[in-house]
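Source: prediction; values computed, not measured. One-based numbering along the sequence shown.
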Amino acid sequence: MFADLVLVNGQVITSNMEYDVNEAVAVTDNQIVMVGTNEEVKQLIGSQTEVVELAGRSLVPGFIDSHLHITLYGTNKLGVSCKEPTIESLHDVLKEIEKKSK
């Protein structure tokens with residue numbers, strides 16, 4: 001069996017109890033099938049395998065923001081927060097909206 005995707009020469013940080021750091025990872029059908037040394041994982045490289053050279057960069061699991069928190073943060077920065085200490089009245093809110101609109 002050959003992998004669809006192999007990432008080599010990196011710092012592959014696992015999410016096991018020890019947070020082991022390995023060199024390479026292999027993926028088949030969107031599932032991780034092996035994490036280990038370059039030599040171990042390279043055995044899964046076939047003619048159709050996409051190989052990504054990490055060049056020492058880190059691969060960290062779980063960086064998927066399914067709730068889109070960063071997008072919400074950006075959207076909130078475009079608005080006017082009524083929680084600011086300088087906002088004490090409706091007049092203050094309207095002044096802030098006017099500033100933002102410019």
Side-chain angles (χ1 to χ4, degrees):
M1 170 196 82
F2 295 116
D4 299 326
L5 172 67
V6 166
L7 299 102
V8 295
N9 297 316
Q11 294 180 2
V12 179
I13 301 166
T14 67
S15 58
N16 64 15
M17 295 298 285
E18 292 79 29
Y19 290 100
D20 292 328
V21 179
N22 292 277
E23 295 176 306
V25 63
V27 177
T28 299
D29 294 326
N30 291 319
Q31 299 249 338
I32 294 173
V33 293
M34 181 183 281
V35 177
T37 66
N38 288 322
E39 292 74 31
E40 291 169 335
V41 174
K42 282 181 178 180
Q43 294 178 36
L44 299 180
I45 296 175
S47 61
Q48 301 296 311
T49 304
E50 178 184 357
V51 179
V52 175
E53 171 62 51
L54 292 173
R57 292 174 292 194
S58 296
L59 180 66
V60 182
F63 276 16
I64 299 171
D65 186 10
S66 62
H67 295 97
L68 297 172
H69 293 147
I70 194 71
T71 304
L72 182 59
Y73 174 77
T75 302
N76 287 343
K77 293 301 278 181
L78 294 172
V80 172
S81 172
C82 294
K83 295 179 181 180
E84 295 298 322
T86 57
I87 306 287
E88 296 179 347
S89 68
L90 179 58
H91 178 71
D92 293 339
V93 171
L94 294 174
K95 279 195 325 192
E96 288 300 313
I97 291 172
E98 184 179 2
K99 279 192 228 174
K100 284 282 186 173
S101 69
K102 291 179 181 180

Under 3.5 Å: donor-acceptor pair, side chain of [X], backbone of [Y]:
X     : Y     : answer
Ser58 : Val60 : no
Thr49 : Ala3  : yes
Glu23 : Asn9  : no
Glu53 : Ala55 : yes
Asp29 : Gln31 : no
Asn16 : Asp20 : yes

Taking atom [atom1] of [X] as the centre, report whether more than 12 heavy atoms of other residues, nucleotides or ligands fall under 6.0 Å from it.
X     : atom1 : value
Asn76 : CG    : yes
Lys77 : NZ    : no
Leu94 : CG    : yes

Answer yes or no: is there a side-chain heavy-atom contact under 4.5 Å between [X] and [Y]?
X     : Y     : result
Thr28 : Val33 : yes
Val93 : Cys82 : yes
Thr86 : Asp92 : no
Val8  : Lys42 : yes

Calculate, to the nearest 0.5 Å, the distance between atoms [atom1] and [atom2] belonging to [X] and [Y] respectively.
X     : Y     : atom1 : atom2 : value
Gln48 : Leu5  : CD    : CG    : 13.5 Å
Ile45 : Glu50 : CD1   : CD    : 11.5 Å
His91 : Lys95 : NE2   : NZ    : 4.5 Å
Gln11 : Asn22 : CD    : CG    : 11.0 Å

>> Which residue in the set Val41, Leu59, Val6 passes side chain to side chain contact (heavy atoms under 4.5 Å, CB included) when paired with Val25?
In response: Leu59
In one Ile/Leu/Val/Met/Phe/Trp/Tyr side-chain cluster, 4.5 Å: [X], [Y]:
X     : Y     : value
Leu7  : Ile32 : yes
Tyr73 : Leu78 : no
Val12 : Val51 : no
Val52 : Leu44 : no

> Any Lys/Arg nitrogen of Lys102 or Glu98 sitting under 4.0 Å from an Asp/Glu carboxylate oxygen of the other?
Replying inline: yes
